[in-house]
Amino acid sequence: MAQILDGKKISEKIYTEISEIVQKKYAQNPPKLVVILVGDDPASAVYVSNKEKSCHKAGILSQTIRLSKNVSEEEVLKTITTLNIDESVTGIIVQLPLPKHISPEKVIMTIDPQKDVDGFHPENLGNLYLSKETEFLPPATPAGIITLLEENTIEIAGKNVAIVGRSNNVGKAISLMLLNRNATITVCHSYTQNIDHFLKNADIIVVATGKKQMITGEMVKNGVVVVDVGIHRHENGTLCGDVDFESVSLKASYITPVPGGVGPMTVASLIKNTLRAHEKKWKSRIF
Ligand code: GUN
């Protein structure tokens, strides 16, 4: 039976560490995270509320700007521009998804890369491509996965990793972060033939497909480490991931639960990035 990669527990530890740093170094000028929430999507409202609670635990100021679902794209971009030049604001998040008439690409491009704590801006992703790990804000979910592996002392260098899914912010980004840590990477996607062949060879599997419980026990090898980025709701209201936890946990050495695995680590990474952005800002001060 697999050991649980407990994202909830590790995220709480990160908040304690961050709050100690903030108290010690930035008691007079704490970091501030602003979240822009457009519309009234209930899932987004829950995510935003979690971010506010996490800021509180970490001693970081938080503000949520709520905009109507009918707000114009221009108004959203103007709000971001105002936050970009506001000295009191350390980090900016625009909660996704956005209503159809607002382009997420334009929104992301408008956020100052130094305040982009989601790590979605092309400048931050470009620095990831160039392996300049200390010079940028890494994408939050992949950074959370790396922390989860490292905190459990799971070796990355030299391991065969299969990543299932190739989204910009998860699949592609985690492939680069693991490559930068000397793993051998295979990225599987909807055109991959014989995916079982790659999964059976993998020491670590990261699944971010958005397809409910698509990875099952018979597809993986004994002792594999499994990281599940997906989150879905069963008809009875319970949550599950892209991995069939019941069958895969019988073969894996480590596995993330859903909920309580990658989700809390993504939020912890956003908060970590907010501190990182603040430290950069205050280090660059000359007074
Ligand atoms: N919607 C769901 N997850 C996220 C996230 O990590 N960041 C943003 N901006 N929106 C999201």
Side-chain angles (χ1 to χ4, degrees), residues 7-8 11 14 32-55 58 60 62-67 69 71 73 76-77 79-80 83-84 89-100 102-125 128 136-148 165 167-174 177 206-210 227-233 239 241-242 256 258-274 276-277:
K8 184 93 186 79
S11 66
I14 290 170
K32 179 174 166 185
L33 176 62
V34 179
V35 181
I36 300 175
L37 174 60
V38 183
D40 42 23
D41 176 51
S44 290
V46 172
Y47 287 134
V48 169
S49 156
N50 284 341
K51 286 169 191 172
E52 287 170 341
K53 285 182 196 148
S54 301
C55 280
I60 286 176
S62 81
Q63 182 192 351
T64 302
I65 298 176
R66 291 179 167 78
L67 301 174
K69 64 175 188 292
V71 69
E73 182 180 84
V76 176
L77 300 184
T79 306
I80 296 169
L83 296 170
N84 281 345
V89 175
T90 316
I92 304 166
I93 290 173
V94 180
Q95 188 65 27
L96 303 174
L98 289 162
K100 282 204 174 63
I102 302 173
S103 153
E105 286 80 19
K106 269 194 204 164
V107 162
I108 290 162
M109 287 293 280
T110 305
I111 299 174
D112 177 349
Q114 303 217 17
K115 296 189 178 188
D116 166 42
V117 292
D118 267 322
F120 289 169
H121 192 284
E123 189 174 316
N124 284 318
L125 293 172
L128 173 58
F136 70 103
L137 296 169
T141 297
I145 293 170
I146 298 287
T147 307
L148 200 54
S167 65
N168 288 334
N169 296 324
V170 184
K172 273 190 210 169
I174 188 67
M177 290 184 91
V206 179
V207 192
T209 59
V227 177
D228 187 352
V229 183
I231 186 152
H232 312 271
R233 198 172 284 281
L239 297 172
D242 293 351
T256 56
V258 178
V262 173
M265 292 306 298
T266 296
V267 183
S269 295
L270 293 170
I271 305 294
K272 243 172 140 172
N273 274 351
T274 307
R276 190 169 184 168

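Both counts, for ligands and for their atoms, begin at 1 and track the order of listing. Position 1 is the first residue of the sequence, and the numbers go up from there. It should be emphasised that the depicted structure is a prediction, and the values quoted were computed from it without experimental measurement.
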Does any N or O atom in [X] lie less than 3.5 angstrom from one in ligand 1, N or O only?
{"X": "L270", "value": "no"}
{"X": "Y47", "value": "no"}
{"X": "Q95", "value": "yes"}

Would you compute the distance between atom CD1 of I93 and atom OG1 of T274 and round it to the nearest 0.5 angstrom? 6.0 Å
Of V258, L239, D242, which is the lone residue that meets side-chain contact (heavy atoms from CB on, under 4.5 Å) with H232?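 Answer to the side-chain contact (heavy atoms from CB on, under 4.5 Å) test with H232 among V258, L239, D242: D242.
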side-chain contact (heavy atoms from CB on, under 4.5 Å) test vs V227 passes for just one of T256, V207, I174, namely T256
Distance filter under 4.0 Å to V94 heavy atoms, resulting ligand 1 atoms: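 Result: 8 (C), 9 (N).
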With atoms numbered from 1 as shown, which atoms in ligand 1 lie under 4.0 angstrom from a non-hydrogen atom of I93?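 Selected atoms, number and element: 9 (N).
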When you compare the side chain of [Y] with that of [X], does any pair of heavy atoms fall below 4.5 Å?
{"X": "L83", "Y": "K115", "answer": "no"}
{"X": "E73", "Y": "L98", "answer": "no"}
{"X": "I145", "Y": "V229", "answer": "yes"}

Protein contact to atom 7 (N) of ligand 1 [nearest heavy atom, distance to 0.1 Å]: D118 OD1, 3.0 Å
L96 contact mode with ligand 1 (heavy-atom cut-off under 4.0 Å): both
